[in-house]
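We use all heavy atoms of the structure for the numbers below, so side chains are in, but hydrogens, waters and symmetry mates are not. For clarity, every value in this text was computed on a predicted model and none was experimentally measured.
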Amino acid sequence: MFKRAVEEGLDPLAYCDRMEQEFRRTWARLHVSFDDFIRTTEPRHKAGVTELTKRIYDAGDIYEGVYEGWYCVSCEEFKQERDLVHGHCPLHPAIKPEWIREKNYFFRLSKYQRSLLDHFAAHPEFLRPEIRRNEILRLIEGGLVDISVSRAGQSWGIPLPFDPSSVVYVWFDALINYASAVGLGGDPGMNAMFERWWPADLHVIGKDITRFHAVIWPAMLMSAKLPLPRQVFGHGFMTLNGQRMSKTLGTIVDPIDAADRLGLDPLRLYLVKEVSFGGDGDFSWERYDERYNVDLANNLGNLVSRVTAMAGRYCQGRLSATAAGSDRLARLADEVAADYRRAMDALALHEGAAAAYRLIDATNEFIASTAPWTLAKDPGSKSRLEQVLFDGAEAIRLAAVLLQPIMPSSCREILRRVGASANDLRLDRDGRWRTDGERVLVQEGPLWPRYTPKESTTVSDNPLPPAPGTSAPASDRISIDDFMKVELRVAKVLAAERVPKSNRLLKLQVDVGTEERTLVAGIAEAYEPETLIGKTVVVVFNLKPAKLMGVESNGMVLAASPDGGKPTVVTFEAPPPPGTRVR
RNA sequence: GCCGGAGUAGCUCAGUUGGUUGAGAGCACGCGUCUCAUAAGCGCGGGGUCGGCGGUUCGAGUCCGCCCUCCGGCACCA
């Protein structure tokens, strides 16, 4: 973060300000509402971090140790062994990293292995879905190591209360947000708030950060003698056509684009209804269009149209209960509302949406079987007719109440059209079948016109070439001299074999013109060794040797490696002789 | 390679602790039908050796073993 800010020529705080604005804009655009928004730069957060860190320290769970590793002076940060390129920082190949031992504070995570396992056993619902729980359980069972929680000599961060020369390390700091947001460590007023709100009922997080939330965070709280959140829920990711989204492949869907195409609420419904929450969900434009037409245009939208139209035509838009209502519809409605509530409480949002749709479907059937248009022809059936339409309108009202959290603005509009209030909706009060009252319905144009993609303008799901204008800013470009430092040469593959115990690495014997070399390439997933023999490829000739899985590699084969895809080795139409320089 | 997950109709998926599921839903498709409605609605139908092989059992998508394929995580990706 700090580095990124510097790269963009911004003060870290200014950079954060900009990020915050972006987040807020996005949420506003997607109609995502929230009660609070906290950043780690806020005073209340600093207070919370100081308090919690102090408690953990007082519990004897933070001790001084030594952290050692490769340190790049230029980046001003430690580098993992595996991030180094031939022992050098990839960003600053000219400077030799130093092996530095730094005073560091560690959190006794290992001490909490037993307690964590006990907690998981006593509270099976603590971590969901089940898949995450199993993963984390095995991880804990496998043993925990103490973790570094501080960095020395950094300007950015919150100082340790017991040693202000060091700051709290990022994620240790960040997790405490949950507590600091509700007042931990604040003045008496804030503390009262903390007492009231903590522990949290639920943390909803992305599945990739489950470990922090389900292992480290609870251990921190245990150490500080604070209650744990009741549940951590690790949600899945969206894929595109079954593939992981990738920026470099261009296989990414911007929710704003999807919203612009058919409207925001259709997107929100898709995301909720088509994805079983907790698992990954797949998005495709075809399916999106299909669901839009079926769920919204044909079923819900059309239902609103037909009921409001008939009410207008046959009853001047005024309806009140006049006869015995539909028991079947009323019973189903209660059942649906109960299922909905159960599903939503369990975070099975897709089931909640499905429940609402059971009512919508049943209402379409109800209309077909009662045939108001037939009743309308018989003056004697007047009250029966009105009752049927009343029931239809009531079912729509109820469905809209249930779908309201998913499609807020659309449901508000539906409620308006069926003559119901959309203000201060409450599930326990408004989410039940009503048999009385008068409704004034209004008929207006389609809520969701059917969408027919034009052949020629079908949005492609194929990888798009990177848009022009996305190239790196001039300041990030290198000079020709820089490039010339890299010596690329044509090489012919003489022999190839798998590196034992590795499923990505191939060991290649190549002819680089002046000599033969052994090098290792991470392309085994895409190429059988035999198929490479005789091929002419491009290698980086002047790369320092490196050892991979015990094999020394003298050079590197050029290959295109898309995110989430398999590498493709760079070859020639007409192979030049080995040793030819490539530039 | 290790760990985990998944393989059920053309597509997306449900199928609780094994037996009224000797297999279901939605979409797509075919046929029929109403006409209030956004060529929408409603009804009916075709279609699957439930990844493969073997086993346990009176009985297995549902349990066990082996295998195949796909996905995710970790290591490796010069």
- Rounded interatomic separation in angstrom, taking CD from A/E290 and P from B/C13: 12 Å
- Neighbour count above 12 (heavy atom, 6.0 Å) for A/R358 CZ: yes
- Item | Nucleotide B/A37, atom C1' - distance to CD1 of A/I360 in whole Å | 15 Å
- Message: Output the rounded distance in Å from NZ (A/K273) to C1' (B/A25).
- Response: 11 Å
- Item | Gap between atoms CG and C1', on A/D339 and B/A14 respectively (whole Å) | 15 Å
- When you match A/R287 and A/P446 each to their closest nucleotide on RNA chain B, which lands nearer the 5' end? A/R287
- Separation of A/R133 atom CZ from B/G72 atom C1', in whole Å? 20 Å
- Charged N-O contact under 4.0 Å between A/R318 and A/E386: no
- If you measure only the distance, is there a donor-acceptor pair under 3.5 Å linking the side chains of A/D265 and A/S409? yes
- Ignoring backbone atoms, establish whether A/N298 has a side-chain N or O less than 4.0 Å from OP1 or OP2 of B/G41. yes
Kindly give the atom pairs (protein nitrogen or oxygen, nucleotide nitrogen or oxygen) under 3.5 Å for nucleotides 34-36 of chain B.
| unit_1 | atom_1 | unit_2 | atom_2 | d |
| --- | --- | --- | --- | --- |
| B/C34 | O2' | A/W373 | NE1 | 3.3 |
| B/C36 | O3' | A/R313 | NH2 | 3.4 |
| B/C36 | O2 | A/R306 | NE | 3.0 |
| B/C36 | N3 | A/R306 | NE | 3.4 |
| B/C36 | N3 | A/R306 | NH2 | 2.6 |
| B/C36 | N4 | A/R306 | NH2 | 3.3 |

Interface polar pairs with nucleotides 2-6 of chain B, N/O, under 3.5 angstrom:
| unit_1 | atom_1 | unit_2 | atom_2 | d |
| --- | --- | --- | --- | --- |
| B/C3 | O2' | A/R138 | NE | 3.1 |
| B/G4 | O4' | A/R138 | NH2 | 3.3 |

- Message: At 4.0 Å (heavy atoms only), tell me whether A/V557 reaches a base, stays on the sugar-phosphate, or touches nothing.
- Response: nothing
- Message: What is the distance, to the nearest angstrom, from the CZ atom on A/F366 to the P atom on B/C42?
- Response: 14 Å
- Just how far, in rounded Å, is C1' of B/U38 from CG of A/N302? 6 Å
- Base-paired stems that RNA chain B participates in, counting runs of 3 or more Watson-Crick or G-U pairs under 3.5 Å: B:1-7 with B:68-74, B:10-13 with B:24-27, B:29-33 with B:41-45, B:51-55 with B:63-67
- Does a nitrogen or oxygen in the side chain of A/N299 sit under 4.0 Å from OP1 or OP2 of B/G41? yes
- Task: Could you tell me whether B/G61 is syn or anti, where syn means a glycosidic angle within 90 degrees of zero?
- Result: syn
- Output yes when A/D295 and A/R291 qualify as a salt bridge under the 4.0 Å nitrogen-oxygen rule, no when they do not. yes
- Task: With heavy atoms under 4.0 Å as the rule, sort A/P372 into base, sugar-phosphate or nothing.
- Result: nothing
- Task: Verify, without hydrogens or angle tests, whether A/Y292 (side chain) and A/Y451 (backbone) share a donor-acceptor contact under 3.5 angstrom.
- Result: no
- Atom pair distance, as rounded to whole Å: CD1 in A/I396 and C1' in B/A37: 11 Å
- Could you tell me whether A/L303 contacts a base, only the sugar-phosphate backbone, or nothing, with contacts defined as non-hydrogen atoms closer than 4.0 Å? nothing
- Message: Testing the basics here: between A/D146 and A/L109, what is the closest heavy-atom pair and its distance to 0.1 Å?
- Response: OD1-N, 3.2 Å
